[in-house]
Amino acid sequence: MSHVDLSQPLWMLLIFVALGWLCTRRLAIDPRPIATLLIYLIAPLTFFRGLYLGEPSPALLGLTAGMFVLASLLCLVTHAVARRGFAPQEAALLAFSAGTGNTGYFGLPLAMVLLPPEGVAAYLFCLLGITLFEFTVGFYISARGRFSVRQSLGKIVRLPLVYAFLAALGAHHLPWSVPGAVIEGLDYFRASYTVLGMMIIGMTLGGVSLREFDARFLAASIAARYVMWPLVMLGLVLGLQATTGLSTTMTGMLLLLGVVPMAANVVVIAMELDMRPAKGAIAVLVTTVAAPLVIPPYLDMLWRLAGLD
């Protein structure tokens, strides 16, 4: 695992971030409408296409459910701990970030390099579970940092990603298939999802001042992403190996999920809810820049600890 070259995907991500920063600085583009566009249109259509083409089986949907539960538990535990030392909005944002990671923009290209096709398919359904967490439990916890229970639940009901998930599952039981032209057209949203999702980090950073830098929040975010997640995924792998057994492909897939940087959607959700997006953007950028230094040795070490030299 240590020989994997992460320079190309990392540089492309940083270029997208730099373009976003340039758009804010030179063109005075407001990133908030783009965040809304990602949440309410681009993300649902992207995941509808991916789930429909993935032909979900009970085993793959089990991965989706398992990752949803794991991400939700990590979020809730982190929120219970963080609200003792952070302000409500910061604790909510930290809890959201602890339940997710950049499994799509950054992790998917790595999965395609490291894993065989069946491993990539399994990775996609794990990614779906984490994304469902982001737009359900994660969104609710984030909203509760600023809104009441009723207001927070109302915001979740209006999120279309859950309905896109149900629509994709229902489409497999229809007597006809979705036209190929429609599926091909939806592919354009996949590219938009990646590019705009990373650019919005730079757009947020374009309006950041030094006063927004919070060492405590940054340290807690890094600990959640690069300490808690690797340990949890290693423990999960060792537990499954000792009980039900686990293939090499599944082991690599689960370990990869544990070492990706912070999710760009931390910024998207924070911006949509007006919850200190600048702090989230700084933390996301730092963990992304650190990725080429952290991920190769982490994967190599975890691979060895899992008994797969």
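Reckoned from all heavy atoms, side chains included, excluding hydrogens, waters and symmetry mates.
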Run the numbers on Met228 and Leu74 for side chain to side chain contact (heavy atoms under 4.5 Å, CB included), then give the verdict. CA-CA 9 Å; Met228 180 178 70; Leu74 292 178; 4.1 Å; yes
Can you pull out every side chain to side chain donor-acceptor pair (under 3.5 Å) where at least one residue sits in residues 114-135? Sequence neighbours excluded, please. Thr100-Glu134, Glu134-Asn265
Looking at CD1 of Ile130 and CG of Asn102, how far apart are the two atoms once the value is rounded to the nearest 0.5 Å? 10.5 Å
Do side-chain atoms of Thr287 reach the backbone of Met262 as a donor and acceptor pair under 3.5 angstrom? yes
Listed pairs under 3.5 Å, donor-acceptor, residues 231-239 side chains, sequence neighbours left out:
none

I need the minimum non-hydrogen distance between Phe133 and Phe96, along with the two atoms involved. CE2-O, 3.9 Å
Look up atom CG in Leu285 and atom CD1 in Ile282, then write down how far apart they are to the nearest 0.5 Å. 8.5 Å
Would you find a donor on one side and an acceptor on the other, under 3.5 Å apart, between the side chain of Gln241 and the backbone of Ala306? yes
Thr36: partners by side-chain hydrogen bond (donor to acceptor under 3.5 Å, both in side chains), with sequence neighbours left out: Glu272
Not counting sequence neighbours, which residues clear side chain to side chain contact (heavy atoms under 4.5 Å, CB included) with Val81? List them please. none
Selection residues 161-171 - residue pairs positive for salt bridge (Lys or Arg N to Asp or Glu O under 4.0 Å), sequence neighbours left out: none
Let me check something: any side-chain donor-acceptor pairs from residues 40-47 under 3.5 Å, sequence neighbours excluded? List them with distances.
| from | atom 1 | to | atom 2 | distance (Å) |
| --- | --- | --- | --- | --- |
| Thr46 | OG1 | Ile42 | O | 2.7 |
| Thr46 | OG1 | Phe189 | O | 3.3 |

Can you confirm whether Ile222 sits close enough to Val286 that some side-chain heavy atom of one is under 4.5 Å from a side-chain heavy atom of the other? yes
Please enumerate all residues that pass salt bridge (charged side-chain N to carboxylate O under 4.0 Å, His left out) together with Arg32, with sequence neighbours excluded. Asp274
For the backbone of Ala98 and the side chain of Trp229, can you confirm whether one donor and one acceptor N or O come within less than 3.5 Å of each other? yes
On a heavy-atom basis, the closest approach of Ala80 and Arg84 is O-NE, 3.6 Å
Nearest heavy-atom contact between Cys23 and Met199 is SG-CE, 3.9 Å
Donor-acceptor check, side chain of Arg225 to backbone of Ala263, threshold 3.5 angstrom: yes or no? no
Determine, step by step, whether Phe86 and Leu93 satisfy the side chain to side chain contact (heavy atoms under 4.5 Å, CB included) criterion, reporting the C-alpha distance in whole Å, the side-chain angles of both residues, the deciding distance to 0.1 Å, and the verdict. CA-CA 10 Å; Phe86 291 89; Leu93 187 60; over 6 Å; no
With Asp30 via salt bridge (charged side-chain N to carboxylate O under 4.0 Å, His left out) - residues at least two apart: none
When you compare the side chain of Leu94 with that of Ser221, does any pair of heavy atoms fall below 4.5 Å? yes
Kindly write out the residues that satisfy side chain to side chain contact (heavy atoms under 4.5 Å, CB included) with Pro31, not counting sequence neighbours, or none if the list is empty. Ile200, Met203, Met271
So, Arg49 side chain and Ile183 main chain: donor-acceptor pair closer than 3.5 Å or not? yes
pair Arg83-Pro88: side-chain heavy atoms closer than 4.5 Å: no
Does one hydrophobic cluster hold both Ile15 and Leu27, with members joined at side-chain heavy-atom distances below 4.5 Å? yes
Determine all donor-acceptor pairs shorter than 3.5 Å in which one atom belongs to a side chain in residues 58-70; sequence neighbours excluded.
| from | atom 1 | to | atom 2 | distance (Å) |
| --- | --- | --- | --- | --- |
| Thr64 | OG1 | Leu60 | O | 3.4 |
| Thr64 | OG1 | Phe125 | O | 2.8 |

Spacing of Leu38 atom CG and Leu196 atom CG [to the nearest 0.5 Å]: 5.5 Å
Roughly how far apart are Leu218 CG and Lys279 NZ, rounded to 0.5 Å? 11.0 Å
Can you find a pair of side-chain heavy atoms, one from Leu257 and one from Leu127, that are under 4.5 Å apart? no
Decide side chain to side chain contact (heavy atoms under 4.5 Å, CB included) for Leu114 and Leu299; before the verdict, give the C-alpha distance in whole Å, the side-chain angles of both, and the deciding distance to 0.1 Å. CA-CA 11 Å; Leu114 295 171; Leu299 279 178; 4.0 Å; yes
Heavy atoms, side chains only, cut-off 4.5 Å: are Leu305 and Met301 in contact? yes
Using a 4.5 Å side-chain heavy-atom cut-off and chaining through intermediate ILVMFWY residues, the residues clustered with Trp176 come out as Leu174
Could you give the distance from CG (Leu22) to CD1 (Ile29), rounded to the nearest 0.5 Å? 9.0 Å
What pair of heavy atoms forms the shortest contact from Ala95 to His79, and how long is it? CB-CB, 3.4 Å
Which residues share a ring pair (Phe, Tyr, Trp, His ring centres under 6.0 Å) with Tyr52, sequence neighbours left out: His172
Classify the angle between the aromatic ring planes of Tyr226 and Tyr298 as parallel (below 30°), tilted (30 to 60°) or perpendicular (above 60°). perpendicular
Atom pair CD1/CG of Ile295 and Asp300 - distance to nearest 0.5 Å: 13.5 Å
If you look at every heavy atom in Thr249 and Pro116, which pair is closest and at what distance? OG1-CG, 3.6 Å
Say whether Val77 and Phe217 are linked into one hydrophobic cluster, either directly or through other cluster members, by side-chain heavy-atom distances under 4.5 angstrom. no
Of all the heavy-atom pairs spanning Leu186 and Phe48, show the shortest one and how long it is. CD1-CD2, 3.8 Å
Please evaluate residues Phe16 and Val195 with respect to the criterion side chain to side chain contact (heavy atoms under 4.5 Å, CB included), reporting the C-alpha separation (whole Å), side-chain torsions for both, the decisive distance (0.1 Å), and the verdict. CA-CA 6 Å; Phe16 294 150; Val195 174; 4.0 Å; yes
